[in-house]
2 protein chains.
Amino acid sequence: MTRPLNLEEVGRRAGVSRSTVSRVVNGGPNVSSETKRRVEAVIAETGYRPHAAARSLASNSTGVIGLVIPSAVATLFDDPYFGRLILGISSATNDVSMTLALFLFGAGPDESSIISRVVTPGLVDGVIVTATTRGDPLIDHMQGTSMPFVVVGRPDNAGSTFCVDVDNRAGARTAALHLAGLGRRRPALIAAPSNTTAGVDRRNGFLEGLAEAGLSVESRVAEGDWSQESGRDAMARLLADRPDAVFVASDRMAVGALRAIREAGLHCPGDISVVSFDGIVPPDLTSPRLTSVVQPVTEVGERAVRLLTAVIAGASTPEHVVFPTELAVRESCGATPTAEPGA
Amino acid sequence: MTRPLNLEEVGRRAGVSRSTVSRVVNGGPNVSSETKRRVEAVIAETGYRPHAAARSLASNSTGVIGLVIPSAVATLFDDPYFGRLILGISSATNDVSMTLALFLFGAGPDESSIISRVVTPGLVDGVIVTATTRGDPLIDHMQGTSMPFVVVGRPDNAGSTFCVDVDNRAGARTAALHLAGLGRRRPALIAAPSNTTAGVDRRNGFLEGLAEAGLSVESRVAEGDWSQESGRDAMARLLADRPDAVFVASDRMAVGALRAIREAGLHCPGDISVVSFDGIVPPDLTSPRLTSVVQPVTEVGERAVRLLTAVIAGASTPEHVVFPTELAVRESCGATPTAEPGA
DNA sequence: TTTATGCTTGGGAGCGCTCCCAAGGAGGGT
DNA sequence: ACCCTCCTTGGGAGCGCTCCCAAGCATAAA
């Protein structure tokens with residue numbers, strides 16, 4: 001009969017006690033080098049690995065962080081945004097030797113069951129919540145628990161939470177000033193959903209920038225739902241108003257907008273300048289290549305993990321990290337000589 | 001002083017014992033309805049949730065399954081494949097009330113550390129491994145452990161493992177027959193990396209189909225690395241040989257190929273028919289819309305979870321699930337009247 | 001009435017670990 | 001030679017749960 005491979009057994013084989021093995025495993029101090037050597041030999045030989053659940057129970061810490069993405073799951077990964085975010089978060093969790101648990105869900109009944117699963121004690125040490133919609137009940141729910149969490153994005157009730165966001169407002173403002181600087185006089189806006197804080201911030205930032213330049217969108221505003229189709233539809237509608245520039249609140253919608261422009265027999269950037277937000281669609285995918293306000297998604301993810309570990313460690317004064325964006329000027333705005341490689 | 005909220009405490013408040021509360025929580029039998037009511041009232045009122053780690057330790061099962069994606073992480077989510085797969089797996093995981101842990105890693109030193117983390121006892125009940133490359137050491141490693149696992153894809157040493165795959169070979173063969181049926185006589189192939197089983201299967205299936213139709217690619221073969229750029233480069237090279245059709249082993253590479261065709265001043269499908277594999281790029285993204293061999297990625301993910309739960313439950317005779325593919329005929333092959341909407 | 005049967009309930013043991021404290025031994029100071 | 005300190009080691013207690021068994025009790029059968 002083979003006995004279970006646990007601390008006690010490793011200790012037995014190395015001729016020491018459970019406690020000593022534990023100290024070796026955890027790199028603890030006060031272990032003679034000779035003992036350490038012997039124990040490590042046994043560990044290497046047996047392939048012993050500490051039991052995660054037992055460790056969690058005893059130490060009251062699991063080494064797991066949860067990532068909660070509440071969203072219309074179907075379209076989730078058509079947008080590279082979440083993929084990049086997961087990448088950043090995953091890489092940062094690996095760096096700190098933690099494990100990432102993923103909680104994805106759409107609307108409906110599974111929502112509440114998943115939310116309650118997230119806050120199960122002994123499952124995760126903390127949670128990163130992606131907040132996309134305004135007045136998200138998830139945030140309120142999390143605040144009612146003792147589970148450490150940080151928000152990616154800007155919840156509208158951000159006051160008392162830790163969050164990591166990009167400066168959507170300033171980025172959009174930059175886009176407005178850029179278009180104005182190119183001499184465009186009839187700007188249009190394809191906004192993101194106004195029930196998201198990112199959508200609101202980008203809209204306001206753009207309008208603010210226009211105002212500074214003495215411009216206005218007047219009635220040249222349409223709202224999309226992040227999807228490419230909605231961008232195409234919105235652009236098609238806006239074209240009736242003969243804009244000479246458009247700011248599209250996301251890359252994906254901008255791809256649709258470019259298509260609508262082409263379909264209307266117009267030329268970008270000749271007839272109309274396009275600037276979008278995200279900087280997440282591979283530039284070569286579109287023609288002309290998109291000028292876009294780039295947000296550092298991966299860095300946001302990494303920072304969220306670092307912030308969360310701080311919260312888990314006991315940080316208590318809410319911290320709001322805001323990353324700057326950067327305007328990547330390519331051909332679609334008309335600022336550079338239109339040297340579309342090929343096409 | 002507030003005492004910890006555990007089974008004992010809930011029992012104390014309801015006037016019953018730990019064991020009885022446990023039975024109620026787990027829907028066990030042999031509990032009088034009156035007792036059950038009282039206990040449930042206390043649970044609702046206190047918001048008690050069982051401690052996951054304690055439960056895992058005692059029951060020797062964690063309720064977590066791991067998803068291991070070893071890949072060049074940087075490009076991971078540019079391809080919608082993994083996103084879809086995660087979606088399917090996540091959804092199936094939710095259905096069975098389990099939690100999904102994600103292990104992403106690229107090459108390098110983190111590889112071994114993550115692999116060993118995956119097999120930590122008490123962390124996950126089982127693992128889904130995505131096998132992309134041939135002779136993947138990860139599979140061998142997993143076989144050396146007692147951790148239940150299933151493979152998504154076809155490992156080259158599949159004999160003794162559980163795996164879920166799509167019929168890459170048959171799908172590619174269908175593509176060949178389709179192109180032959182359209183009267184094309186100079187087919188070309190842009191293959192996926194030959195160090196992946198999917199790449200090999202798609203290549204062989206295509207060549208097999210051509211042979212059946214009495215055709216051959218001769219020297220019109222190039223190999224890409226799944227990326228769009230590689231598809232573009234491969235196509236550009238192949239065009240010198242004046243093919244009248246091309247099978248591209250993935251949608252992403254096909255997007256690049258379409259671009260190369262355009263850049264060469266040629267027309268698809270007029271001058272050259274294109275059929276790709278995956279069915280994962282939104283059709284409207286390309287012009288013309290891609291004819292593609294569609295693989296049911298989401299179903300694969302769901303099935304992998306179901307299979308894994310079976311393995312965890314003790315299934316022991318290796319099972320190989322192979323999903324059929326389906327050819328989605330759109331404009332790029334030239335089979336339908338080229339009614340490109342717009343463009 | 002007595003014995004058997006089943007349902008309900010409580011409590012002990014144990015999962016594998018961490019944390020803490022006490023015991024033993026080596027070494028340095030006086 | 002002695003004491004005190006520091007390093008090293010072992011073992012008890014306990015984390016919150018599940019599993020199992022025995023005890024209590026009501027009801028049915030003899």
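Just so we're on the same page: letters track the sequence lines, and every chain starts at 1. Since we're looking at a predicted model, the values are computed, not measured.
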Asker: Who passes side-chain hydrogen bond (donor to acceptor under 3.5 Å, both in side chains) against B:Asp136, sequence neighbours left out?
Answerer: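 If we apply the side-chain hydrogen bond (donor to acceptor under 3.5 Å, both in side chains) test to B:Asp136, skipping adjacent residues, there are no hits.
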Asker: Which heavy atom in A:Val311 sits nearest to a heavy atom in A:Pro148, and how many Å separate them?
Answerer: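 For A:Val311 versus A:Pro148, the nearest heavy atoms are CG1-CB, 3.7 Å.
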Asker: Is B:Arg37 paired with B:Glu40 through a side-chain N to carboxylate O contact shorter than 4.0 Å?
Answerer: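 No, B:Glu40 and B:Arg37 are not salt-bridged.
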Asker: Return a single string for nucleotides 6-19 of chain D, one symbol per nucleotide in 5' to 3' order, where B is base contact, S is sugar-phosphate-only contact and - is none, cutoff 4.0 angstrom on heavy atoms.
Answerer: --BBBBBBBBBBBB
Asker: A:Arg303: what forms a side-chain contact (heavy atoms from CB on, under 4.5 Å) with it, not counting sequence neighbours?
Answerer: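 Listed in chain order: A:Val164, A:Arg306, A:Glu319, A:Val321, A:Phe323.
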Asker: Which of these passes side-chain contact (heavy atoms from CB on, under 4.5 Å) with A:Met147: A:Leu123, A:Val127, A:Thr120?
Answerer: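 Going through A:Leu123, A:Val127, A:Thr120 one by one, the side-chain contact (heavy atoms from CB on, under 4.5 Å) with A:Met147 is satisfied by A:Val127 alone.
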Asker: Can any side-chain N or O of A:Asn195 pair as donor or acceptor with the backbone N or O of A:Arg134 at less than 3.5 Å?
Answerer: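 Such a contact is absent between A:Asn195 side chain and A:Arg134 backbone.
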Asker: Set out, line by line, the N/O atom pairs under 3.5 Å between protein and nucleotides 22-28 of chain D.
Answerer:
none

Asker: Please enumerate all residues that pass salt bridge (Lys or Arg N to Asp or Glu O under 4.0 Å) together with B:Glu8, with sequence neighbours excluded.
Answerer: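 With neighbours one apart ignored, the set is B:Arg18.
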Asker: Hey, could you give me the OG1/CZ distance between B:Thr161 and B:Phe149, rounded to the nearest 0.5 Å?
Answerer: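 Going from the OG1 atom of B:Thr161 to the CZ atom of B:Phe149 covers 5.5 Å.
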Asker: The helix from C:dT1-D:dA30 to C:dT30-D:dA1: angle between its terminal axes, five pairs each, to 10°?
Answerer: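 The value is 50°.
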Asker: Please report the shortest heavy-atom distance between A:Val124 and A:Ala101, naming the atom on each side.
Answerer: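 Scanning both residues, the minimum pair turns out to be CG1-CB, 4.5 Å.
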Asker: Quick check: does any side chain N or O of A:Asp165 sit under 3.5 Å from a backbone N or O of A:Val322, one acting as donor and the other as acceptor?
Answerer: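 No, because the side chain of A:Asp165 does not come within donor-acceptor range (under 3.5 Å) of the backbone of A:Val322.
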